[in-house]
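Report on the following structure.
Computed from a predicted structure; not experimentally measured. Index from 1, following the sequence.
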Amino acid sequence: MVSKYAIFCSVIELGSFTKTAKQLNYSQSAVSQTIKNLEEEIGTRLLTRGNEGIKLTKDGQTLYPYFQQIVQGEKQLTKKINELQGLDKAEIRIGIFTSASRNFILPFIKAFKANYPSVNFVLKQGEYTSIYQWLETGQVDLGFTHMDYVGQLQSQILYQDSLYAVLPSKHPLAQQFEISLADLAQTELILLDEGDHSLTRTAFAKENIVPTFTYEIYDDYTILEMIRQGLGVSLLYENFLDGLSLEDLAVRQISENPFRTVVLAWKNWQTLPLAAQQFAKNISSTIHD
């Protein structure tokens with residue numbers, strides 16, 4: 001957790017609420033509210049915002065050096081506590097699937113490394129079954145998985161992730177705004193391998209549809225290339241597709257809207273390494289801010 005003094009000093013150093021929010025992985029409104037609360041607590045205006053940017057008020061200029069001293073003291077205290085508690089040179093092992101490693105976890109790792117630069121991360125790519133086994137056997141500390149398949153593991157809900165139909169842009173179904181599972185069952189399907197628990201298979205079974213999967217592939221990027229080559233169509237997750245260059249492909253909503261609830265899971269909080277506990281807390285506090 002970043003202190004109000006550190007946030008204030010960061011705003012002054014970077015000259016921007018937006019840059020501070022991005023650097024700290026906070027929302028801009030959270031940064032603004034922190035500054036407002038600090039001013040109310042002290043009882044004076046500390047900075048102004050205008051056409052020339054952010055400027056310290058007279059009172060702000062007086063207090064800023066003291067805030068800097070507090071922040072420096074906080075850093076030294078954190079460093080000493082980390083050394084005492086074992087965060088220094090710790091390793092956090094995480095089981096994760098492609099979309100989460102590409103579009104979710106990286107900002108959290110960056111922010112964590114800014115506070116704990118000597119902590120190392122090990123990311124093991126896998127699907128639900130493998131990740132569950134890794135958590136059970138202690139091969140990883142934390143795991144990203146589907147809420148329906150956590151079993152006896154402890155977990156924290158992160159976000160929902162819908163499946164979308166992905167097909168060549170010239171495919172006949174690409175003319176439709178929305179595609180049904182029944183439509184997709186009539187095509188050459190490429191199944192994303194999710195281990196023993198496949199949301200795609202479950203979605204078809206729920207509608208009493210029996211499709212034929214021509215291919216079953218673990219890697220999302222390989223599936224995209226196969227679609228480009230005209231080898232079939234597939235159902236891929238929104239969080240994976242977000243931000244990719246897909247000009248030559250068509251991405252369509254599925255009328256039944258199959259989705260998964262992604263959670264962060266661990267075996268036992270009491271025996272979870274301190275660094276992994278702190279990383280999980282950071283994620284939880286940010287997404288529930």
Side-chain angles (χ1 to χ4, degrees), residues 94-107 123-132 143-149 157-264 287:
I94 302 173
I96 195 166
F97 41 78
T98 304
S99 64
S101 63
R102 177 182 175 273
N103 273 348
F104 182 84
I105 200 174
L106 298 183
L123 302 185
K124 291 189 65 173
Q125 294 277 359
E127 26 68 36
Y128 310 134
T129 306
S130 297
I131 292 170
Y132 182 90
F144 285 74
T145 188
H146 192 314
M147 184 175 70
D148 293 345
Y149 309 126
I157 293 176
L158 298 178
Y159 59 90
Q160 289 186 339
D161 200 2
S162 296
L163 280 175
Y164 277 72
V166 184
L167 52 160
S169 56
K170 294 183 179 180
H171 193 283
L173 290 178
Q175 305 305 314
Q176 301 178 197
F177 173 75
E178 193 173 80
I179 302 173
S180 70
L181 291 173
D183 290 334
L184 291 169
Q186 303 305 312
T187 68
E188 293 278 309
L189 280 173
I190 305 169
L191 176 66
L192 173 64
D193 180 9
E194 297 183 88
D196 296 338
H197 306 291
S198 168
L199 179 57
T200 298
R201 290 188 184 276
T202 300
F204 280 109
K206 185 177 179 180
E207 301 299 322
N208 294 315
I209 299 172
V210 183
T212 299
F213 295 105
T214 308
Y215 306 94
E216 184 171 351
I217 309 294
Y218 167 73
D219 182 64
D220 307 65
Y221 292 99
T222 299
I223 292 176
L224 284 182
E225 188 57 35
M226 292 175 71
I227 297 171
R228 289 190 174 97
Q229 296 295 326
L231 293 174
V233 306
S234 189
L235 288 74
L236 296 174
Y237 286 102
E238 178 182 14
N239 201 46
F240 167 72
L241 297 169
D242 185 35
L244 289 178
S245 177
L246 303 168
E247 294 87 353
D248 53 341
L249 299 174
V251 179
R252 298 290 181 265
Q253 292 182 351
I254 299 172
S255 55
E256 292 83 359
N257 188 32
F259 68 90
R260 65 181 173 185
T261 300
V262 177
V263 301
L264 183 65
I287 63 176

Task: side-chain hydrogen bond (donor to acceptor under 3.5 Å, both in side chains) assessment of S162 paired with N257 - done: CA-CA 7 Å; S162 296; N257 188 32; 3.3 Å; yes
Task: Donor-acceptor contact present, side-chain E127 to main-chain Y218, <3.5 Å - done: no
TODO: Over all heavy atoms of both residues, which pair between I254 and E178 is shortest? Give the atoms and the distance, please.
DONE: C-CG, 4.1 Å
Task: Side-chain touch M226/I217, heavy atoms, less than 4.5 angstrom - done: yes
Task: Minimum heavy-atom distance between I227 and V233, given as atom pair plus value - done: CG1-CA, 4.4 Å
TODO: Quick one: closest heavy-atom pair of R252 and A174, and the distance?
DONE: NH2-O, 2.9 Å
Task: Close side-chain approach of V262 and N239, heavy atoms under 4.5 Å - done: no
- [ ] Would you name the heavy atoms of I131 and G143 that are closest together and state the gap between them?
- [x] CG2-CA, 3.9 Å
Task: Modelled atom types, side-chain donor and acceptor of E194 and Y237, under 3.5 Å - done: yes
Task: Residues which pass salt bridge (charged side-chain N to carboxylate O under 4.0 Å, His left out) with E216, listed by chain and number, not counting sequence neighbours - done: R201
- [ ] Can you measure from CG (D196) to OG1 (T129) and round to the nearest 0.5 angstrom?
- [x] 3.5 Å
Task: Heavy-atom closest pair, residues Y132 and Y149 - done: CD1-O, 3.7 Å
Open item on the list: Once salt bridge (charged side-chain N to carboxylate O under 4.0 Å, His left out) is applied, do any residues pair with D161, and if so which ones, sequence neighbours excluded?
Closed with: R260
Open item on the list: Could you check, using the six-membered ring where one of them is a Trp, whether Y128 and H197 have ring centers closer than 6.0 angstrom?
Closed with: no
Open item on the list: If I compare all heavy atoms of A182 with all of I209, which pair ends up nearest, and what's the gap?
Closed with: N-CD1, 3.6 Å
TODO: Please list, chain by chain and in numerical order, all residues satisfying salt bridge (charged side-chain N to carboxylate O under 4.0 Å, His left out) with R102, sequence neighbours excluded.
DONE: none
